[in-house]
Amino acid sequence: MGKNKLARFAANELFSNMLQPSTEECKRGIDLKGKWRSNFFQNEHSLILELGCGKGEYTLGLAQRHPMCNFIGMDIKGARMWHGCKISNEEKMTNVAFLRTRIQFITLCYAQNEVDEIWITFPDPQPKKENKRLTSSWFLQQYRQILKPEGIIHLKTDDIDLYEYTLHAVIEAEGHHLLMATADLYNPNNSHLEVMDIQTFYEQKWLSQGKKIKYLSFQLKKI
């Protein structure tokens, strides 16, 4: 393991807005489950998650634009999350937290109706393992347990297969409510959207290579 990684892991332990529960703690249900607003953020503002947040660029970008909302970036890669923690602490952003754990544990970290929105930005498309895709039916069932009834899920990706899988094999096939879908977000014909304002490092890289960015948003079917 490189010295940079070790240094970042050590720094993460000191950040007050970085939570790193053990697997055993997650399986018991973390202490903040159902209490993120009252015990951590100490307000009643909307709670918005970024799953697979990486360096936390989207978490930070949204938090800067919406100071009256609370944002949590989730990922298992602590060395990457260090970037977001460092910036949010330097800028004294009180509406940002980072939770280092596996997305599979999401229902152990948040209570029913606790989350208002979910952002999934440039996730691993898992080309050979559909069930591991963060927009698979299995994951949507997990999100249903924590999202408010009108909660919104956003997907932003450069991968056409993941985009079409989510749109056709999941949203349309299961009857979820599609809000917006575009296979070319930066097409001049698209009206200006906030989702165009925030660009991650990888998004800028893909755009520079001429790749088209895909975006869709939807709400889960009511049951």
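What you are looking at is a predicted structure, and each value in this text was computed from that prediction instead of being measured.
Residues Pro125 and Thr157 are not in side-chain contact: their nearest non-hydrogen atoms beyond the backbone lie 4.5 Å or more apart. Within the 4.5 Å cutoff, the side chain of Phe41 has no heavy atoms near those of the Thr94 side chain. Contact check for Glu174 versus Leu140: side-chain heavy atoms found under the 4.5 Å cut-off. Pro127 has its side chain out of reach of Asp161: every pair of non-hydrogen atoms, C-beta onward, lies at least 4.5 Å apart. The side-chain heavy atoms of Trp82 and Ile87, taken from C-beta on, include no pair separated by under 4.5 Å. Inter-residue side-chain proximity for Asp31 and Pro21 is flagged as unmet; no heavy-atom pair is nearer than 4.5 Å. Between Leu216 and Thr182 there is no side-chain heavy-atom pair separated by less than 4.5 Å.
Of the candidates Val115, Thr135, Leu51, Tyr143 forms a side-chain contact (heavy atoms from CB on, under 4.5 Å) with just one, namely Leu51.
Note that CG of Leu60 and SG of Cys53 are 9.0 Å apart. Values are rounded to the nearest 0.5 Å. The CE atom of Met18 lies 4.0 Å from the SG atom of Cys85; values are rounded to the nearest 0.5 Å. Arg133 contributes atom CZ, which lies 6.5 Å from atom CG of Leu162 (distance to the nearest 0.5 angstrom). To the nearest 0.5 Å, atoms OH (Tyr202) and OG1 (Thr121) are separated by 12.0 Å. Rounded to the nearest 0.5 angstrom, Gln142 CD and Ser137 OG are separated by 11.0 Å. Annotation: the span from Asp124 atom CG to Leu134 atom CG amounts to 8.5 Å, rounded to 0.5 Å.
Cluster membership for Ile30 and Ile72, using ILVMFWY side-chain heavy atoms within less than 4.5 angstrom, is shared. In the hydrophobic clustering of ILVMFWY residues, with side-chain heavy atoms under 4.5 Å counting as a link, Leu19 and Leu49 come out together. In the hydrophobic clustering of ILVMFWY residues, with side-chain heavy atoms under 4.5 Å counting as a link, Phe105 and Leu32 come out apart. Following chains of ILVMFWY side-chain contacts shorter than 4.5 Å, one can reach Met74 starting from Trp138, so the two form part of one hydrophobic cluster. Transitive grouping of hydrophobic side chains (ILVMFWY, heavy atoms separated by less than 4.5 Å) brings Val170 and Ile120 into a common cluster.
A side-chain donor-acceptor contact under 3.5 Å links Glu114 to the backbone of Ala111. The backbone N or O of Gln42 sits nowhere less than 3.5 Å from a side-chain atom of Arg37 that would complete a donor-acceptor pair. In terms of modelled atom types and a separation under 3.5 Å, the side chain of Glu25 and the main chain of Ser22 share a donor-acceptor contact. Lys212 contributes no side-chain N or O that, together with a main-chain N or O of Leu185, makes up a donor-acceptor pair within less than 3.5 Å.
The salt bridge (Lys or Arg N to Asp or Glu O under 4.0 Å) search around Lys129 returns none, not counting sequence neighbours. With sequence neighbours left out, the ring pair (Phe, Tyr, Trp, His ring centres under 6.0 Å) criterion links Phe139 to no other residue. Remark: Ala183 pairs with Tyr163, Lys214 by the side-chain contact (heavy atoms from CB on, under 4.5 Å) rule, at least two apart or across chains.
Looking at Ser88 and Asn17, their side chains do bring a donor and an acceptor atom within 3.5 Å of each other. Of the N and O atoms on the side chains of Glu164 and His168, not one donor lies less than 3.5 Å from an acceptor on the other residue.
Ring geometry for His154 versus Trp119: interplanar angle under 30°, hence parallel rather than tilted (30 to 60°).
Heavy-atom minimum distance, Leu207 versus Ile213: CD2-CG1, 3.6 Å. When all heavy atoms of Gly56 and Phe98 are compared, the pair lying nearest together is CA-CE2, 3.9 Å. Residues Val195 and Tyr186 come closest through the heavy atom pair O-OH, 4.2 Å. Of all the heavy atoms in Leu178 and Ser217, the pair that sits closest is CD1-O, 3.5 Å. Here the closest heavy-atom approach between residue Ala63 and residue Asn95 is recorded as O-ND2, 3.1 Å. The two residues Phe40 and Val96 come nearest to each other via the heavy atoms CE2-O, 4.3 Å.
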- Would you sort out whether Gln219 and His176 count as a side-chain hydrogen bond (donor to acceptor under 3.5 Å, both in side chains), showing the intermediate values? CA-CA 6 Å; Gln219 293 170 312; His176 302 298; over 6 Å; no
- Start with the C-alpha gap between Arg28 and Glu24, add the side-chain angles, then the distance that decides, and say whether salt bridge (Lys or Arg N to Asp or Glu O under 4.0 Å) holds. CA-CA 6 Å; Arg28 292 196 301 268; Glu24 291 73 23; over 6 Å; no
- Take Leu147 and Asn113, measure what side-chain contact (heavy atoms from CB on, under 4.5 Å) needs, and give me the verdict at the end. CA-CA 5 Å; Leu147 268 176; Asn113 297 334; over 6 Å; no
- Message: As a quick check of understanding, evaluate side-chain contact (heavy atoms from CB on, under 4.5 Å) for Arg100 and Met81, giving each step before the final call.
- Response: CA-CA 8 Å; Arg100 185 184 178 217; Met81 299 170 78; 4.0 Å; yes
- Does the pair Glu130 and Tyr165 meet the rule for a side-chain contact (heavy atoms from CB on, under 4.5 Å), with working shown? CA-CA 9 Å; Glu130 289 186 1; Tyr165 162 82; 3.6 Å; yes
- Message: Evaluate Ile118 against Ile152 for side-chain contact (heavy atoms from CB on, under 4.5 Å), listing each step before the verdict.
- Response: CA-CA 6 Å; Ile118 290 175; Ile152 298 174; over 6 Å; no
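Heavy-atom contacts from other residues, nucleotides or ligands closer than 6.0 Å to NZ of Lys132 number 12 or fewer. At most 12 non-hydrogen atoms from other residues, nucleotides or ligands lie less than 6.0 angstrom from NZ of Lys77. More than 12 heavy atoms of other residues, nucleotides or ligands shown are found within 6.0 angstrom of CD on Gln145.
Residues in residues 53-75 take part in these side chain to side chain donor-acceptor pair (under 3.5 Å) pairs, two or more places apart or across chains: Asn43-Asn70, Glu50-Thr59, Tyr58-Lys156, Gln64-Glu91, His66-Glu194. Residue pairs that meet the salt bridge (charged side-chain N to carboxylate O under 4.0 Å, His left out) test with at least one member in residues 179-190, sequence neighbours left out, do not exist here. The list of salt bridge (charged side-chain N to carboxylate O under 4.0 Å, His left out) pairs with a residue in residues 134-148, not counting sequence neighbours, reads Asp116-Lys148.
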